[in-house]
Amino acid sequence: MTASSKFGSRADRNALRQDMTIAGCALADIAIEMRTRFGLRPREAWRHAYGWTLQEAADRITQASIQRVGESVAADASLLGKWEKWPGPSSRRPSLSVLFAMAEAFSCRVEELLDLEDRRALPEADLHLLTHRPSIPERSETPTMMASINLIPEPAGTVLVRLAADESATWAQWAESSNVGDIALEQLMAETRSLASDYLTSDPVALFVRTRALRDRVFALLEGHQYPRQSTDLYVTAGYLCGLLAWMSSDLRQLRDADTQGRTAWLCAELAGHNNLRAWVLSTRSKVAFWDGRLREAINFARLGATYCTTGTVAVLLACQEADAWSELGAQEEALASLVRAKEARTATSCEDEIGGIFACQPARQENYAAAVQLRLGRPADALRSADSALALLAVQPVRAYGTEAQIHISQAAAHLATGEAEGAFEALAPVLALPPDHRLEPVIRRLSELCTAIHRPFAGGTAAVGLRQAVEEFCSDSAPRHLALSPGGGSA
């Protein structure tokens, strides 16, 4: 055993079982040694005496229970783990049917599966039935005889009434318990807000790690037990975190993974019945579809999101995203109509966003979309006004999103280029090319590459155009998606 191994590890248990088996020890002796040496509960000790996994033991318990008329048990790994840990926290009391099925699977007596702590926690009626049940036959008896003799006598009279009351009380104790409190739920939501805000200014890969860790904490809590309203709050938090992971995955050029995160986020929104989350998830999925070239799908996601009654600025962003996709398709009337709806949604907005950060559409972000749409529709003067307005709005925001700011500068450069002002275009691109590599995300890379192609056409032989192409190539090769692809486990670039 290495210094870093945990005492009682699988290797320790396997070694003990092997040594005792070679020494000729019975399974009961191995189970007792497992209990005393590693501090295991009796039922867990018997399982490890056989060397079975939770699922292997669960399958055998289920099979053993079939032989007991009217007492079949549907065991699985998760449920068996809770039966083994009882009466500890986050456990579940095994019924008499379960205990007898376990005894059958482990070829032991029920008493060997219970210690003093178990007996103290068992309902009085269960103890009575264990004490007064028929004796268990020797192993030489036939299965038919064992099935008939091992039948638990049906409770009757006051014992039946007391057993029913104990069962209800046990269930009530379980229903009343919760693995998360209201303060913890508030903290989880606060951490989610912080991540959504930090993403506007922080390195995406490091933030991805933090977001994944918080999502795992929420998922683990959902696998436990809490009040229904607390489960709803956890699903909401999980949905926003998966949505954030989807957004990040897309920005890192991992569109298939982004789609997977988006589907899980949608499931959380549906389970929570939360309209704001539904809308933000659909906004995220629209964004992923857009950058994946699925423009009609991007429009459909945005339109579906707009059908929900929401608060905050999600309706603004959904309209902007629809306009973005329409403009890429060259549908001028639909794109401009969507921009109008975005302005109307802004006017109707009265409440703050629940999460904020990337899950908010500030005026500068709206103008950024407008500039990109107008460029595609061949309206460079309008695009330049929107880009200038966006930069002015961004300057007074407490948090300046580097991704949004870079795209605004690209729109500004494209507008200058479309009006023949090459010098203004190159000047507008200077802040973009100065971005640190970890801030060079896929949307910025794509838009910058498109702009570089546009510059190449009218200035093909110019020194400035050649220098810009080289700068853009270096920009793209030293970027966050490129670093991710070249990292261990990242695959080929």
Side-chain angles (χ1 to χ4, degrees), residues 76-79 90 178-180 184-196 199 207-252 254-292 294 296-315 317-318 321-322 353-360:
D76 60 29
S78 175
L79 196 53
S90 299
S178 175
N179 65 343
V180 65
L185 288 169
E186 184 178 339
Q187 178 62 30
L188 290 170
M189 185 60 83
E191 291 180 44
T192 302
R193 292 190 185 98
S194 177
L195 290 169
Y199 186 60
L207 202 72
F208 189 100
V209 173
R210 289 171 51 197
T211 305
R212 177 174 176 260
L214 184 59
R215 180 211 60 183
D216 288 349
R217 283 169 53 194
V218 175
F219 278 178
L221 288 169
L222 279 167
E223 291 175 359
H225 177 255
Q226 58 277 150
Y227 297 138
R229 64 173 177 81
Q230 294 172 327
S231 296
T232 296
D233 289 345
L234 286 172
Y235 278 122
V236 171
T237 304
Y240 277 120
L241 289 169
C242 288
L244 187 53
L245 288 172
W247 203 287
M248 294 178 184
S249 299
S250 173
D251 283 348
L252 293 171
Q254 305 302 308
L255 296 171
R256 182 177 300 177
D257 297 325
D259 262 334
T260 299
Q261 296 285 0
R263 283 188 288 270
T264 304
W266 177 252
L267 174 62
C268 291
E270 288 288 277
L271 291 171
H274 195 282
N275 282 346
N276 275 350
L277 176 56
R278 284 181 174 120
W280 279 115
V281 170
L282 289 166
S283 168
T284 303
R285 300 192 71 181
S286 178
K287 184 254 193 192
V288 174
F290 177 87
W291 289 110
D292 199 28
R294 295 176 279 125
R296 292 286 179 179
E297 195 171 339
I299 292 168
N300 290 337
F301 280 135
R303 284 184 164 181
L304 179 58
T307 64
Y308 291 100
C309 183
T310 58
T311 58
T313 59
V314 64
L317 186 58
L318 288 164
Q321 290 174 308
E322 186 179 344
D353 287 294
E354 184 176 30
I355 298 298
I358 198 67
F359 292 125

| Step-by-step side-chain hydrogen bond (donor to acceptor under 3.5 Å, both in side chains) determination, N300 to R303 | CA-CA 5 Å; N300 290 337; R303 284 184 164 181; 5.4 Å; no
| task | Could you walk me through whether I299 and F290 pass the side chain to side chain contact (heavy atoms under 4.5 Å, CB included) test, one step at a time? | result | CA-CA 8 Å; I299 292 168; F290 177 87; over 6 Å; no
| task | Walk me through it: do Y199 and T211 pass the test side chain to side chain contact (heavy atoms under 4.5 Å, CB included)? | result | CA-CA 10 Å; Y199 186 60; T211 305; over 6 Å; no
| task | For E322 and L318, run side chain to side chain contact (heavy atoms under 4.5 Å, CB included): C-alpha distance rounded to whole Å, both residues' side-chain angles, the deciding distance at 0.1 Å, then the answer. | result | CA-CA 6 Å; E322 186 179 344; L318 288 164; over 6 Å; no
| said: Walk me through whether Y308 and L282 qualify under side chain to side chain contact (heavy atoms under 4.5 Å, CB included). | reply: CA-CA 10 Å; Y308 291 100; L282 289 166; 3.8 Å; yes
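To the nearest 0.5 Å, atoms CG (D216) and CG (L221) are separated by 11.0 Å. Remark: R278 CZ to T310 OG1 distance equals 12.0 Å, nearest 0.5 Å. The CG atom of L214 sits 9.0 Å away from atom CD of Q187, with the distance rounded to the nearest 0.5 Å. For the atom pair CH2 (W280) and CD1 (I358), the distance works out to 8.5 Å, reported to the nearest 0.5 Å. Note that CG of L188 and CG of L234 are 6.5 Å apart. Values are rounded to the nearest 0.5 Å.
Screening D353, T311, V236 for a side chain to side chain contact (heavy atoms under 4.5 Å, CB included) involving N276 leaves a single residue, T311. Applying the side chain to side chain contact (heavy atoms under 4.5 Å, CB included) test between R215 and each of L241, L244, T192 identifies L241 as the sole match.
Enclosure of atom CD in E186 is not indicated, since only 12 or fewer non-hydrogen atoms of other residues, nucleotides or ligands lie within 6.0 angstrom. The 12-atom threshold is not exceeded at CZ of R212, counting heavy atoms of other residues, nucleotides or ligands nearer than 6.0 Å.
Side-chain contact between L195 and M248: absent, with no pair of heavy atoms (C-beta onward) separated by less than 4.5 Å. Taking the side chain as every heavy atom from C-beta outward, R294 and V288 approach each other to under 4.5 Å.
Classified by interplanar angle (parallel below 30°, tilted 30° to 60°, perpendicular above 60°), the ring pair Y240/F359 is tilted.
Between G243 and T284, the shortest heavy-atom distance links the atoms O-CG2, 3.6 Å. Of all non-hydrogen atoms in R285 and G262, the two that sit nearest each other are CD-O, 3.9 Å. Contact record, Q261 with S249: CG-OG, 4.5 Å, taken as the closest heavy-atom pair. For the pair L255 and S250, the tightest heavy-atom approach, listed with the atom from each and the gap, is CD2-OG, 3.6 Å. For the residue pair A265 and C242, the shortest heavy atom distance occurs at CB-CB, 3.7 Å. What you find for L277 and C268 is that their closest heavy atoms are CD2-C, 4.3 Å.
The backbone N or O of L185 sits nowhere less than 3.5 Å from a side-chain atom of Q230 that would complete a donor-acceptor pair. Proximity of a side-chain donor or acceptor of D76 to a complementary backbone N or O of S78 within less than 3.5 Å is detected. With hydrogens and angles ignored, the 3.5 Å screen pairs a side-chain donor or acceptor of T232 with a backbone N or O of P228.
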